[in-house]
Amino acid sequence: QVQLVESGGGLVQPGGSLRLSCAASGFTLDYFAIGWFRQAPGKEREGVSCISSSDGSTYYADSVKGRFTISRDNVKNTVYLHMNSLKPEDTAVYYCATPFEELCTDEYDYWGQGTQVTVSS
């Protein structure tokens with residue numbers, strides 16, 4: 001019953017934008033921090049962004065600061081990742097995950113299946 005489902009990925013040109021969605025079911029998302037991660041071909045998984053539930057604090061990797069924005073819609077039980085000014089190096093499978101805690105941590109217990117983002121001309 002507990003599920004995280006990512007959506008919104010696709011093919012975009014460099015400089016374009018996408019909005020990824022992380023929809024939760026089987027639990028109430030607004031009690032927990034949600035993180036976005038990505039894994040590109042041949043590379044290790046890396047953290048992209050995170051939003052806490054306690055105070056709404058956000059985290060962004062240096063590589064995406066100023067371009068990506070994480071937000072939460074508690075009514076829809078969904079967390080979004082707005083991606084602007086996309087670069088080819090942003091190409092990856094993007095995953096959302098939760099540590100089942102209020103704060104962003106290094107331990108994420110539950111993961112979605114991922115959505116592919118491809119940035120190419």
Side-chain angles (χ1 to χ4, degrees):
Q1 292 185 5
V2 175
Q3 191 174 42
L4 290 173
V5 178
E6 302 94 334
S7 62
L11 174 64
V12 296
Q13 295 184 350
S17 300
L18 282 174
R19 186 185 73 171
L20 305 184
S21 299
C22 175
S25 61
F27 68 100
T28 302
L29 181 149
D30 57 322
Y31 294 132
F32 307 109
I34 294 291
W36 283 98
F37 300 81
R38 66 187 182 186
Q39 187 167 23
K43 296 184 178 181
E44 297 293 320
R45 185 189 68 196
E46 62 177 340
V48 175
S49 184
C50 186
I51 184 168
S52 70
S53 63
S54 59
D55 60 2
S57 298
T58 57
Y59 160 84
Y60 299 97
D62 289 341
S63 59
V64 305
K65 284 182 179 178
R67 300 188 299 118
F68 290 11
T69 303
I70 190 169
S71 62
R72 181 190 299 269
D73 186 334
N74 291 332
V75 174
K76 296 182 178 180
N77 212 29
T78 299
V79 167
Y80 301 100
L81 184 68
H82 299 81
M83 306 186 297
N84 299 316
S85 301
L86 284 162
K87 305 175 181 179
E89 51 263 43
D90 295 318
T91 296
V93 177
Y94 284 72
Y95 302 88
C96 65
T98 180
F100 285 118
E101 298 179 358
E102 292 185 345
L103 301 178
C104 297
T105 72
D106 293 332
E107 299 181 10
Y108 289 82
D109 300 312
Y110 201 82
W111 297 75
Q113 85 291 341
T115 186
Q116 176 70 49
V117 172
T118 303
V119 184
S120 176
S121 58

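The analysis underlying the following values was restricted to heavy atoms, covering all of them including side chains, and did not include hydrogens, waters or symmetry mates.
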Inset, instruction - Using modelled atom types only, decide if a donor and an acceptor are shared between the side chain of S21 and the backbone of A23 within a distance under 3.5 Å. - result: no
Inset, instruction - Count the heavy atoms belonging to other residues, nucleotides or ligands that lie under 6.0 Å from CG of D55, then report whether that count exceeds 12. - result: yes
Inset, instruction - Report yes or no: do D30 and S53 form a side-chain donor-acceptor pair below 3.5 Å? - result: no
Legend entry - N/O donor-acceptor pair under 3.5 Å between R72 side chain and L29 backbone: yes
Inset, instruction - Give the minimum heavy-atom separation between P14 and S120, together with the two atoms involved. - result: CD-C, 3.6 Å
Legend entry - Aromatic ring pairing Y110/F100, orientation class (parallel under 30°, perpendicular over 60°, tilted between): tilted
Legend entry - side-chain hydrogen bond (donor to acceptor under 3.5 Å, both in side chains) pairs, two or more places apart, involving residues 90-100: R38-D90, R38-Y94, R67-D90
Legend entry - For the student: nearest non-hydrogen atoms of P99 and T105, plus distance: CB-OG1, 3.5 Å
Inset, instruction - For the pair E6 (side chain) and C96 (backbone), establish whether a donor and an acceptor sit closer than 3.5 Å, ignoring hydrogens and angles. - result: yes
Legend entry - Distance (rounded to the nearest 0.5 Å) between L20 CG and F68 CZ: 8.0 Å
Inset, instruction - Using atom types as modelled and distance alone, determine if a side-chain donor or acceptor of S52 lies under 3.5 Å from a backbone N or O of S57. - result: yes
Inset, instruction - State, to 0.1 Å, how close Q39 and K43 come at their nearest heavy-atom pair, and which atoms those are. - result: NE2-O, 3.3 Å
Legend entry - Main-chain N/O of E101 paired to D109 side chain as donor or acceptor, under 3.5 Å: no
Legend entry - Exercise: identify the closest heavy-atom pair between I70 and I34: CD1-O, 3.8 Å
Inset, instruction - Look at the side-chain heavy atoms of Ile, Leu, Val, Met, Phe, Trp and Tyr, link any pair under 4.5 Å apart, and say whether V93 and W36 land in one connected group. - result: no
Legend entry - Check: S49 side chain, Y59 main-chain N or O, donor-acceptor pair, under 3.5 Å: yes
Inset, instruction - Enter the distance from N77:CG to F27:CZ here, rounded to the nearest 0.5 Å. - result: 7.0 Å
Legend entry - Qualifying residues under ring pair (Phe, Tyr, Trp, His ring centres under 6.0 Å), relative to Y108, sequence neighbours excluded: F37
